[in-house]
Amino acid sequence: MIINDAIAEILENVNQASQSLDQDNLEKAMGALISSANVFVMGMGRSGLVAKAFAMRLMHLGISVYVVGETITPAINTGDTLLAISGSGQTSTILSTARIAKKRGANIIAITSYPESLLGDLSDHIITIKGRTKIDSEQNYIKRQINGRHQSLAPMGTLFEITSLIFLDGLIAELMHKMDKTEDDLKEKHNVLE
Ligand SMILES: O=P(O)(O)OC[C@H]1O[C@](O)(CO)[C@@H](O)[C@@H]1O
């Protein structure tokens, strides 16, 4: 079935990304997340949904975290970190926000497929997650015959977004280990007003 092929394509991208992680880079990014006074996360559209899912787990870990654009998000300052998720690394809202954060002395972590992008240039730490983004053509990716046409099974930014989500959940496991946190510690912080 088409769905099995689509899942296989997504899993293959996740596996490739997992095999090409840079340990040294990851250690530095984790150090920044743990030692920052506050962590701010952002992404647009589906990349923003990934940022929100990651923010929830950082909160469960006891890290002071805010989502950019929410009503209660305070000023960013020196000693804080902005983690920006953008496959293309060129989404305008992400770039303008990163420039403001940098001017105010914050540290910037980019999660992107394009380390050489404008977002990459602004960032202190870049975690490269390869995967088709909204700026990549369908041509270079696997296509299947669907309704008589050759089409991508993972349209637009799907590969980058889902791979980033899985990568960031893997990073939570690393952070739990580093911060000596158990699942019970995380559960204590879980929302009870639901
Ligand atoms: O991750 P990027 O390159 O900043 O792009 C974000 C945009 O791409 C999409 O995720 C489309 O796949 C949109 O939801 C969003 O507006």
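Both counts, for ligands and for their atoms, begin at 1 and track the order of listing.
Separating the CG atom in N38 from the OG atom in S64 is a distance of 3.5 Å, to the nearest 0.5 Å.
M42 is not connected to L58 by any chain of hydrophobic side-chain contacts under 4.5 Å among Ile, Leu, Val, Met, Phe, Trp and Tyr, and they are in different clusters. Taken together through direct or relayed side-chain contacts under 4.5 Å among Ile, Leu, Val, Met, Phe, Trp and Tyr, L83 and L61 form part of one hydrophobic cluster.
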Go through the steps for T128 and Y114 under the test side-chain contact (heavy atoms from CB on, under 4.5 Å), then give the verdict. CA-CA 7 Å; T128 304; Y114 286 92; over 6 Å; no
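When the salt bridge (charged side-chain N to carboxylate O under 4.0 Å, His left out) test is applied to R46, the partners found at least two apart in sequence or on another chain are E161.
Under a 4.0 Å N-O distance rule, the pair E27/K178 qualifies as a salt bridge.
Enumerated by chain and number, the residues approaching ligand 1 to less than 4.0 Å through a heavy atom are M44, G45, R46, S47, S86, G87, S88, T91, K134, M156, G157, E161.
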